[in-house]
K.L.:
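Right, I'll just put the structure down here and ask away after.
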Amino acid sequence: MSFCLMLSTMWMVSCSSLSDTRVTSPDGRISLSFTLDEHAGPVYQVDVEEHPFLLPSRLGFSDAEGHPLSEGFRIRDVDFSAVDENWTQPWGENKELRNCYNEMAVTLDNEAGIRLLLRFRLFDDGLGFRYEYDVPGVDSLLLTDELTTFALAEDGPSWSIPAHYDTYELLYRSMPVAEVETANTPMTFQVAGQYASIHEAALTDFPEMTLQRVTPGCFKAELAPWPDGIKARFAGGRFVTPWRTLQLAKEAVGLINSSLLLNLNEPCALSSADWIRPMKYVGIWWGMHLGIEGWAMGDRHGATTANALRHIDFAAANQIEAVMFEGWNKGWENWGGNQVFDYTQPYEDFDMEKIAAYAAEKGVQIIGHHETGGNIFNYEQQLDKAFEWYVAHGVHSVKTGYAGGLPLGCNHHGQFNVRHYRKVVQKAAEYHLTIDAHEPIKDTGIRRTYPNMMTREGARGMEWNAWSEGNPPSHHVLLPFTRLLAGPMDYTPGIFDILYERAKKSPLRKQWNMRDSKDCRVNTTLAKQIALWVILYSPLQMASDLIENYEGHPAFQFFRDFDADCDWSKAVAGEPGEYVAIVRRTGEKYFFGAATNEEARSMALNLDFLQPGKTYRAVVYADAPDADWETNPTAYAIREQSVTSTDVLDIRMARGGGQAITFLPVAETE
Ligand code: NOJ
Ligand code: CA
């Protein structure tokens, strides 16, 4: 009999002893019970609306020395507490948040003197629990396994990517929970009448957690290992794990509107955050992925002084706060080789002094770029110098990258690199620099503690459309229900030249990847690209196309009006992999984005989110009636109308399409 099934049978006999180790969410909808099982040790179970949601599921760890980290425990103390507080963050989907939960802290110990505090927190939108261990008399601990399981009570549809310790840039799968063998988190699913997502919060000094099937529908935490197979190592005998989280909602969009992950992170650790600002940006970037420009200095070099100045001019003329340049520093000729980049040596044709002075004169910020190629030692050695150099040139934000293998056989998502990613964020904070990490560790909400950790990649972004089969239309309506539950994503939306007509005509085009260029394209309509600026939340939001594709384009007005510094957000409708509709507010302006998968669809948008009694000019960026992502992707229509909060709009989306709307208060615009 499988472990999960065995436990559920045993549960029938032991559940009567649980009355005092049960905690419920403030609204009483979710309840979690803890018990010590004679065979399995610490065990928890979750019910939602009085129906089993997680069957009895195991808790604990094992280590290399055989310390009893899950055996022989007795309950020493059970403490109940409650918190209900409001807090604000310097930026985010919502600047004002409520943290309201009931906590049950169970203290256990065993004959080996090991003390384990299990902290369970139940919110109306889900739960989290973490382990706080004290192992006496040891100099170090080597964890070999995490025993936590999530035994789902029923089967149902699920949406996830497979577990992988080096990349999240994988295609999503929609499949029954029972068929999932491994998954990376967030793994989202719909079972027992609820939408839910398993993930983790506050990943600080630990490997990432992935999910491994034990039996169909029962998953075990599988941690990304060190090269020697050890999962986590600590000096001394005390360690605190990240929170294991389960978000829960009646409707799928409830998961997007949840702030559970942020609530489970520590408050801001920075003495001030007023130097951190969301920004829109353009950059010298897409040309490299299309093959018409290159990172290294040579005939196609993208990051030249002239090109940088042109981008600064474009940003200044289009209300875009920042520009980002890749391929500016020496070392790109080593990319894929010894990966030795120099972070303070620009190429000879990139005059940083001149560019920085020009950007300052035009009031445009420069977002720096540090590709490491995975050479962590080379990067860490230069980190202080590299940050100092950027700050000296007026740069306050850096995009980092880890495209390449790590040293010593370490993987990207294990404890070694979690420590590195955290070190970069902390060091950047010392220099008042913000970070946009590509090939990052997954987001677990640490932006609450370090708001300079602004955005990251961590899923298949736009780049995949340049040199692979691309991201299918369903991808963008899966991301909000999976990857983006974890936090912002630097997807870099906004390609207007959907079929790469300009690039394909260029004699400079060379493929740096295996794919035949004629197959590559963006698999959406143009209106959907605009909508993705709203849907795929990022406090650093890029208009990723070649700037010449925006020059004179009427639809670019959306990005000019758009503000990345939003105050409030709400996902109003959607189903994973099918469609999604999100509205955000910045000051008095509202931005709406809706997108669909391969199916055309329409939906009614109730404007009751607008301020009552005010009139707004709605500028609608829609798919043209004959638009279709496959056959007619660039057909769009812009129309304007006057609206109030009592209106309902009919949102029509083509196959693979979308719609975006700006709502500008009339008094402000006339
Ligand atoms: C992968 C990143 O995701 C992409 O944005 C970047 O252009 C390349 N690495 C080169 O750094
Ligand atoms: Ca990438």
Side-chain angles (χ1 to χ4, degrees), residues 161 164-171 184 281-297 300-303 307 311 322-337 339-343 346-347 350 367-376 378-379 386 397-406 411-413 417 421 424 435-443 454-471 475 479 483 488-495 503 511-513 515 520 522 536 538 540-546:
I161 52 171
H164 197 297
Y165 301 139
D166 275 300
T167 185
Y168 305 116
E169 297 185 27
L170 303 168
L171 286 173
N184 228 312
Y281 73 103
V282 288
I284 300 179
W285 179 75
W286 187 232
M288 272 88 98
H289 287 273
L290 290 175
I292 57 172
E293 289 177 326
W295 281 274
M297 203 167 114
R300 292 176 301 144
H301 193 206
N307 205 13
H311 280 73
V323 289
M324 196 273 303
F325 311 126
E326 291 197 4
W328 65 275
N329 63 321
K330 292 190 178 165
W332 284 91
E333 47 291 331
N334 304 321
W335 195 27
Q339 313 277 34
V340 177
F341 291 85
D342 189 320
Y343 302 103
Y347 284 120
F350 186 84
I367 299 178
H369 184 237
H370 287 164
E371 174 56 63
T372 67
N375 191 341
I376 304 303
N378 178 53
Y379 190 39
S397 186
V398 182
K399 171 180 173 180
T400 57
Y402 295 86
L406 260 54
N411 53 50
H412 281 71
H413 306 160
N417 228 33
Y421 290 117
V424 171
I435 296 292
D436 165 9
H438 277 232
E439 298 79 42
I441 186 63
K442 63 174 73 165
D443 200 342
M454 292 196 87
T455 189
R456 67 187 85 202
E457 190 185 36
R460 276 170 71 122
M462 182 61 81
E463 60 178 348
W464 282 81
N465 295 312
W467 33 255
S468 80
E469 76 283 10
N471 301 329
H475 186 64
L479 287 174
R483 159 68 186 82
M489 177 178 177
D490 190 33
Y491 181 91
T492 68
I495 297 300
Q511 279 307 119
W512 65 282
N513 214 299
R515 188 95 182 166
C520 296
V522 173
L536 302 177
S538 181
L540 299 174
Q541 188 60 287
M542 187 182 198
S544 54
D545 209 341
L546 307 172

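For ligands, and for the atoms within them, numbers begin at 1 and follow the listed sequence.
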K.L.:
For a side-chain contact (heavy atoms from CB on, under 4.5 Å) with T492, tell me which candidate from M324, M462, Q541 qualifies.
P.N.:
M462
K.L.:
So, at under 3.0 Å, which protein N, O or S atoms would a careful student list around the Ca ion (ligand 2)?
P.N.:
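Only E169 OE2, E439 OE2, E457 OE1, E457 OE2, E463 OE2 fall inside 3.0 Å of the Ca ion (ligand 2).
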K.L.:
Roughly how far, to the nearest 0.5 Å, is CZ of F341 from NZ of K330?
P.N.:
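If I round to the nearest 0.5 Å, the distance is 14.0 Å.
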K.L.:
Taking Y491 as the fixed residue, which of H475, E463, R483, R460 is the one that meets the side-chain contact (heavy atoms from CB on, under 4.5 Å) rule?
P.N.:
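Among H475, E463, R483, R460, the one meeting side-chain contact (heavy atoms from CB on, under 4.5 Å) with Y491 is H475.
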K.L.:
Do the side chains of Y402 and I376 get nearer than 4.5 Å, heavy atoms only?
P.N.:
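Result yes, sub-4.5 Å side-chain heavy-atom pair found.
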K.L.:
Which distance, rounded to the nearest 0.5 Å, do you find between the CE of M489 and the CG of L540?
P.N.:
13.5 Å
K.L.:
When rounded to the nearest 0.5 angstrom, what is the spacing between CD in E326 and CH2 in W295?
P.N.:
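So the CD of E326 and the CH2 of W295 are separated by 6.5 Å.
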K.L.:
Please give me the minimum heavy-atom distance between Y379 and T400, naming the atom from each residue.
P.N.:
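Closest approach of Y379 to T400, heavy atoms only: OH-CG2, 3.6 Å.
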K.L.:
As a test of reading the model: which residues have a non-hydrogen atom less than 4.0 Å away from ligand 1?
P.N.:
W285, H289, W295, E326, W332, W335, H369, E371, K399, H438, E439, E457, E463
K.L.:
How about D490 and Y281: do any of their side-chain heavy atoms sit closer than 4.5 Å?
P.N.:
yes
K.L.:
Nearest 0.5 Å, please: how far is CD1 in I161 from OG1 in T167?
P.N.:
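That separation rounds to 7.5 Å.
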